[in-house]
Amino acid sequence: MSFSDIIAMASAHIMGVPFIILCLGTGLYFSVRTGFLQIRYLKDMVQKLFKSESSSVGISSFQAFMLALSGRVGTGNIAGVATAIALGGPGAVFWMWVTAFFGAGTAYIEAALGQVYKSKINGHYRGGPAYYILKGLKMKTYAIAFAIVTILSLGVLLPGVQSNAICIAFGNAFEMNYILTAILIVFLLALIIFGGIKRIAQVAEIVTPFMALGYMLLAIVIIAINYRNIPDMFMLIVKSALGFYPLLGGMTGAAISMGVKRGLFSNEAGQGTAPHAAAAAHVSHPGSQGLVQAFSVYVDTLLVCSATAFIILATGMYRVYDGVGGAIVFDGGGLPAHVTEYGPIFTQLGVDKHFPGFGAAFVALALFFFAFTTIMSYYFQAETNVYFLTRNRRPRVSFWSVNALRVVMLVVTYFTSINEMQLAWNMADIGIGLMAWFNIIAILLLQKPALKTFFDYERQRRKGIREPVFNPVELGIANAEEWEEDRTCPPPPRNG
């Protein structure tokens, strides 16, 4: 059995049916417990983006939103959606939407917990699952295990699928050598990650809105051109998802599996990555950042992922693979005979259909920004967990550990850039699955302080307080010392 076969088998076991039930079930549970906050607080989600400002110890809500969004919006939004459609059929798009809707509830809970149990390290807020597992559950071994899994996943297993997709897209658009593309990625990444959290947040704040809006505008133009296909496209998505489409009747299971897997890969709800960015924000209440992160799930999946799906489906540039080498070809075209890997090329063909000579290049550049900022976000989150593991050691240990992470990640990013795409996806699935298993179990165990935080936010909003203020002592939440000790900013006035 080859290394690729072992990785594929491990991926299938880690992200099997129990994993899908865990993800959807947890999202449904927290959605019900919070009264479907993802619907009721949609207005607040948008308003909270611009309410807070950065400080000497924390970044603003908008920067935290963009930092998390830079991690969410990546290869999954282009290559991941195409892969889901290729292996699960158009119905996979429906299950990506379902995952995002319920995932918004999960995203709120994990982000709020990240804020409640954040710590101040080297003058900056840090936090994430390892921190709330240690402080909230008081399970040191569990927290250390999560930190190690996160460093391995984000530093070794996940960057390859991002950089690999860039190489494929650039090769298709510009006939650019994979090695040259990989060197370019590593060089630019080194400039950013050696600049620290402030530089990462600043880059994400500028690049992420630009790339997401530009990509969605292009999708709107293509959908407008193909407006006659819209009703049939939505019918195809829904019928395929529920098993009513004759040709895809036997692929319902694959549609659910691929929709949930690629949906989670893209929006990261429950994976445990976004709480790292959420914890870095300076806000008056954890609920505020929870809503911001819930909204980022919507932006990622319901907007950006849908844009890719509509480009592919409206233009007919896709195939559905049966998993054993065959393909069901739909009317409207498909891949050239020499193309054997599904991924960003699907989307490039869709754009090229209406903008010959432009589509492949535009998608390649969009994918570069998507994937590059995601790798950048991966580094920040991995670095946060290195600081967690070395928090009680001498500063020199943290310094050398962080720099070792930087070097290892740059080396791994280069070598995984030139591997086969399927191997990169399987490695990424292992990383995502491991983190999600650890994190979702943790937030279920921590639901009591998380829900207390939500109900406190809701109670203050009902009183007309625009900016609720968090007091963990009043709520009986222990080990939230940063909220008890930090008085660098006076609380906002409590009036409507």
Side-chain angles (χ1 to χ4, degrees), residues 14-42 44-45 68 72 76 84 88 91-114 129 132 136 237-238 240-243 252-275 278 286-287 289-303 305-306 429 432-455 457-458:
I14 292 172
M15 298 190 77
V17 174
F19 177 80
I20 293 171
I21 294 173
L22 178 72
C23 290
L24 292 180
T26 301
L28 174 61
Y29 174 73
F30 283 124
S31 296
V32 172
R33 288 300 307 273
T34 58
F36 290 92
L37 66 87
Q38 57 265 63
I39 298 175
R40 295 191 298 117
Y41 283 96
L42 186 59
D44 275 34
M45 291 179 188
R72 298 186 196 278
V93 178
F94 175 86
W95 291 105
M96 291 181 76
W97 293 339
V98 171
T99 302
F101 177 76
F102 291 122
T106 305
Y108 173 91
I109 296 296
E110 62 179 356
L113 286 171
Y132 54 67
I237 290 173
V238 175
S240 299
L242 303 179
T252 305
I256 297 173
S257 176
M258 292 306 301
V260 173
K261 286 181 181 180
R262 295 296 161 250
L264 178 63
F265 179 84
S266 179
N267 64 53
E268 300 184 357
Q271 183 182 329
T273 49
Q289 191 56 210
L291 291 176
V292 167
Q293 296 306 324
F295 184 65
S296 71
V297 172
Y298 281 170
V299 173
D300 172 88
T301 304
L302 300 185
L303 295 182
C305 283
S306 294
D429 283 344
I432 293 167
L434 288 173
M435 289 183 64
W437 273 107
F438 273 85
N439 181 60
I440 291 177
I441 291 172
I443 64 176
L444 286 171
L445 294 174
L446 282 168
Q447 61 178 285
K448 186 174 181 179
L451 292 173
K452 276 186 178 180
T453 301
F454 170 74
F455 294 134
Y457 177 88
E458 187 171 52

State, yes or no, whether a side-chain contact exists between [X] and [Y] at a heavy-atom distance under 4.5 Å.
| X | Y | answer |
| --- | --- | --- |
| Glu458 | Arg40 | yes |
| Phe295 | Val299 | yes |
| Ser257 | Ile20 | yes |
| Val292 | Met45 | no |
| Phe19 | Ile14 | no |
| Trp97 | Ile237 | yes |
| Phe36 | Phe30 | no |
| Met96 | Met258 | no |

Atom pair [atom1]/[atom2] of [X] and [Y] - distance to nearest 0.5 Å:
| X | Y | atom1 | atom2 | value |
| --- | --- | --- | --- | --- |
| Ile441 | Leu22 | CD1 | CG | 6.5 Å |
| Leu113 | Thr453 | CG | OG1 | 7.0 Å |
| Phe438 | Ile443 | CZ | CD1 | 14.5 Å |
| Ile432 | Glu268 | CD1 | CD | 7.5 Å |
| Ile109 | Tyr132 | CD1 | OH | 10.0 Å |
| Gln289 | Tyr457 | CD | OH | 11.5 Å |

[X] versus [Y], closest heavy-atom pair with distance:
| X | Y | value |
| --- | --- | --- |
| Ile440 | Gly270 | CG1-O, 3.5 Å |
| Gly259 | Trp95 | CA-CB, 4.0 Å |
| Leu264 | Ala269 | CD1-O, 2.9 Å |
| Phe454 | Tyr108 | CA-OH, 3.4 Å |
| Ala84 | Ala92 | O-CB, 3.6 Å |
| Phe102 | Leu28 | CE2-CD1, 3.6 Å |

- Task: Apply side-chain hydrogen bond (donor to acceptor under 3.5 Å, both in side chains) to the pair Asn439 and Gln271, showing each step before the final yes or no.
- Result: CA-CA 6 Å; Asn439 181 60; Gln271 183 182 329; over 6 Å; no
Is a donor on one side and an acceptor on the other found under 3.5 Å between the side chain of [X] and the backbone of [Y]?
| X | Y | answer |
| --- | --- | --- |
| Ser31 | Gly27 | yes |
| Asp300 | Asn267 | yes |
| Arg33 | Gln447 | no |

- Under 30°, 30 to 60°, or over 60°: which ring-plane class applies to Phe101 and Tyr298, parallel, tilted or perpendicular? parallel
